[in-house]
2 protein chains.
Amino acid sequence: MPPFDMGRPLRMGAVGVHPCGACPVRSLTVCSALEEEELSRLADIVQLQRLDSHQTIFSEGDAASSLFNVTAGTVKLYKLLPDGRRQITGFLFSGDFLGLSVHDRYAYSAETVVTTSICRFPRRQMDTLLEEFPKLQRRLFSMASTELAAAQDQMLLLGRKTAREKIASFLLGLSRRAARRGQRDNPVQVPMSRSDIADFLGLTTETVSRTFTQLKANGVIRLLEGSKVQILDEGVLTDIAEGG
Amino acid sequence: MPPFDMGRPLRMGAVGVHPCGACPVRSLTVCSALEEEELSRLADIVQLQRLDSHQTIFSEGDAASSLFNVTAGTVKLYKLLPDGRRQITGFLFSGDFLGLSVHDRYAYSAETVVTTSICRFPRRQMDTLLEEFPKLQRRLFSMASTELAAAQDQMLLLGRKTAREKIASFLLGLSRRAARRGQRDNPVQVPMSRSDIADFLGLTTETVSRTFTQLKANGVIRLLEGSKVQILDEGVLTDIAEGG
DNA sequence: GGACGCCGTTGATCCAGGTCAAGGCGCCCG
DNA sequence: CGGGCGCCTTGACCTGGATCAACGGCGTCC
């Protein structure tokens, strides 16, 4: 047994000063909509959780009992076909939220990619706060709209882009999101496996690997230690991503 | 010049009894969230428009000045790559809404597939109503969540399904949505061209055509007059759609 | 410290679906 | 009523990426 059970939820409302005020990613999250007073109400219902890599947060079809905020790490969302084929519908990083549902069931599964911290908001209590704070509702709506736009980009990628264009788009997307979070955008961290990338882009691991090799040979990127990728020519990579 | 200019917007607030009360698809739309009093406020800002087939409603990158509700007909949403490759991200029917945006620009283009009626809500005024009627906000959020779930299904389809599975899923999807609108679900109307279907499913028109022929030869469907498709064995079609 | 297993890479071959080409069949328009 | 133009279908062939296979590196567990 470990000295601290980090998997056990931590009720933050219990401590004197709630942690949301000091949350380093607050400005990125749904919580940025709130003032101090409201924030403390949110803190009353939140549970912090730290999860190892490759842990399931919830599975497709589970009762959708919570909403979540990623505060550190990486999460993947995916859907499966009965024979095991998998489509990863998104990767989430700090500041991103997950857990929206229709008909009270999650429509996809969520799993950590690396060690990850999340805030869990029980849906019932969250619904109450949403009624009480329209700002929160609006912020959630705006984040869902952004998600929807990203989903449409991903459909264009999946339906109409070549392997090379998919990989280029993927790397640029990772880099831009890192920048938005205030993290290093070049070289960019690529924490997920080839197999995860393949299932996100509608490819196989072999094709992902070959395409990285090819972009490297073309002098567009470099593969670095610690799953980092250096973008050597962003202009060219952008052109490739757009089919140029 | 035509005797009536049906393309000219019709301000409905001007007439004595607003038309939303009698709207035949109200229960399907965002408007179902509202009571009579609120509905008339919505009617004050709405413009009804009737459009011929293949008319552009707005284009990707346009200032997002309105939200829309489809009340009759069919609309397609799509994104283009610079070289003209196209991905249709969704088809809309009566009751569906469109026009959500991020950063005040539409992220996709919208075009009618057949003769179509839409309600146009100017964004500025809509925003005011959203503030005033949280129910409306919640309804819009819920519809966006549903859209998001559909987008994830479509990603699974685009990334991981075969041509046969894609066509089967497409027909079942059309049929189920028709049923939800209270329309005939079998035989099901397929108002869009092979080329539209191809660009929705990430295929070519040739492959779409061949796959229809193949499903017909297998006795799963029949192609009828007037762009209708009869589903002869829904169980088999469902199995095909899920990779069975 | 050795063996095993997982991940990533590379090579050889295959095939689903794309591309190119040719008609057929309505439908509109003169 | 005839010609032309979009659509749809079908056929022949091609190819990008999948599949199958082998192997090296590296971490983990006896």
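Letters A, B, ... mirror the listed sequences (proteins, then strands); counts begin at 1.
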Give every residue pair that meets the salt bridge (charged side-chain N to carboxylate O under 4.0 Å, His left out) criterion with at least one member in residues 206-224 of chain B, sequence neighbours excluded.
none
Can you measure [X] atom [atom1] to [N] atom [atom2] for me and round it to whole angstrom units?
X      : N      : atom1 : atom2 : answer
B:E225 : D:dC7  : CD    : C1'   : 15 Å
B:R164 : C:dA16 : CZ    : C1'   : 13 Å
A:H54  : C:dG5  : NE2   : P     : 18 Å
A:L201 : D:dA18 : CG    : C1'   : 15 Å
A:R85  : D:dT19 : CZ    : C1'   : 15 Å

Tell me, with the steps shown, if A:V46 and A:F68 meet side-chain contact (heavy atoms from CB on, under 4.5 Å).
CA-CA 9 Å; A:V46 76; A:F68 304 85; over 6 Å; no
Classify the ring geometry of A:F58 against A:Y108: parallel below 30°, tilted from 30° to 60°, perpendicular beyond 60°.
tilted
Just jot down the side chain to side chain donor-acceptor pair (under 3.5 Å) partners of [X], sequence neighbours excluded, or say none.
X      : result
A:S169 : A:K161
A:R85  : A:D83, B:E165
A:D196 : A:K76, A:R86
A:S66  : A:R120

Base contacts versus sugar-phosphate-only contacts with protein, heavy atoms under 4.0 Å: please encode nucleotides 8-15 of chain C as B, S and - from 5' to 3'.
SBBBB---
Report all side-chain donor-acceptor pairs from residues 94-103 of chain B shorter than 3.5 Å, counting only partners two or more places apart or in another chain.
residue : atom : partner : partner atom : Å
B:D96   : OD2  : B:F93   : N            : 2.7
B:D96   : OD2  : B:R177  : NH2          : 2.7

Just distance, no hydrogens or angles: give the donor-acceptor pairs under 3.5 Å from side chains in residues 231-244 of chain A, sequence neighbours left out.
residue : atom : partner : partner atom : Å
A:D233  : OD1  : A:G235  : N            : 3.2
A:D233  : OD1  : A:V236  : N            : 3.1
A:T238  : OG1  : A:E234  : O            : 2.8

How bent is the helix from C:dG1-D:dC30 to C:dG30-D:dC1, comparing axes over its five end pairs at each side, to the nearest 10°?
30°
Show which side-chain atoms of residues 151-158 of chain A pair as donor or acceptor with protein atoms under 3.5 Å away, not counting sequence neighbours.
residue : atom : partner : partner atom : Å
A:D153  : OD1  : B:K79   : NZ           : 2.8
A:Q154  : NE2  : A:F200  : O            : 3.0

Can you list, in residue-number order, the parts of residues 153-163 of chain B that come under 4.0 Å of DNA chain C, counting heavy atoms only?
B:T162, B:A163
Run the side-chain contact (heavy atoms from CB on, under 4.5 Å) test against B:T56 and tell me which residues pass, sequence neighbours left out.
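side-chain contact (heavy atoms from CB on, under 4.5 Å) list for B:T56, sorted by chain: B:S59, B:E111.
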